[in-house]
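Treat the numbers as computed from the prediction; the structure is a model and nothing was measured.
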Amino acid sequence: MNYLDYIHASVQVIKTNNWSYINSKEEIEKKLSKKNMRLADILTNDNIHPNDQGHYICLEVMEVYFKK
């Protein structure tokens, strides 16, 4: 399983349980595009978990969401 597999599986669980969902994947992809970065640049060697830079980008995305 890789990062995108994990995201897709998580979305299915969220939809099945009718939970609230923040689509952080799209916002993270926008940030990566603006910074001319690849997804691989923000993941650890296991290709699932974010590295320090990935966690920071996730934080930036969540801050915007919670400020709304």
Side-chain angles (χ1 to χ4, degrees):
M1 187 174 244
N2 64 32
Y3 173 79
L4 294 176
D5 294 332
Y6 174 79
I7 295 297
H8 294 297
S10 297
V11 168
Q12 290 306 314
V13 170
I14 290 164
K15 286 181 179 180
T16 298
N17 289 290
N18 200 29
W19 295 338
S20 297
Y21 174 64
I22 301 169
N23 189 349
S24 59
K25 179 182 171 287
E26 287 182 13
E27 295 303 317
I28 289 169
E29 288 173 350
K30 287 178 190 176
K31 285 195 170 285
L32 291 176
S33 179
K34 286 180 186 176
K35 296 179 181 201
N36 198 29
M37 295 174 68
R38 302 170 302 132
L39 181 58
D41 296 331
I42 65 164
L43 296 177
T44 60
N45 291 337
D46 68 5
N47 257 351
I48 297 174
H49 298 96
N51 59 23
D52 289 345
Q53 197 169 20
H55 277 108
Y56 186 77
I57 289 173
C58 290
L59 171 67
E60 290 178 321
V61 168
M62 294 296 144
E63 281 182 323
V64 170
Y65 174 80
F66 286 112
K67 285 182 180 178
K68 288 182 180 180

Once you round to the nearest 0.5 Å, how far does [atom1] of [X] lie from [atom2] of [Y]?
X: Ser24; Y: Tyr65; atom1: OG; atom2: OH; value: 11.0 Å
X: Asp46; Y: Ile48; atom1: CG; atom2: CD1; value: 5.0 Å
X: Ser10; Y: Asp5; atom1: OG; atom2: CG; value: 10.5 Å
X: Arg38; Y: Leu43; atom1: CZ; atom2: CG; value: 10.0 Å
X: Asn51; Y: Asp41; atom1: CG; atom2: CG; value: 8.5 Å
X: Asn23; Y: Glu26; atom1: CG; atom2: CD; value: 4.0 Å

Lys31 and Glu63 ion-paired at < 4.0 Å:
no

Looking at Glu29 and Lys25, is there a salt bridge between them, counting it only when a charged N and a carboxylate O are closer than 4.0 Å?
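Salt bridge present between Lys25 and Glu29.
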
Within a strict 4.5 Å, meaning less than it, do heavy atoms of the [X] and [Y] side chains meet?
X: Trp19; Y: Val13; answer: yes
X: Met37; Y: Ile42; answer: yes
X: Leu32; Y: Ile57; answer: yes
X: His8; Y: Val11; answer: no

Could you check whether atom CG of Asn17 has more than 12 heavy atoms from other residues, nucleotides or ligands sitting under 6.0 Å from it?
yes

So for atom CG, which belongs to Asp52, do other residues, nucleotides or ligands contribute more than 12 heavy atoms lying within a distance under 6.0 Å?
no

Residue pair Thr44 / Pro50: nearest heavy atoms and the distance that separates them
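Here Thr44 and Pro50 meet closest at CG2-O, 3.7 Å.
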
Minimum heavy-atom distance between Met1 and Ala9, given as atom pair plus value:
CE-CB, 4.1 Å

Linking I/L/V/M/F/W/Y whenever their side-chain heavy atoms sit closer than 4.5 Å, directly or via other members, would Val64 and Tyr56 fall into one cluster?
no

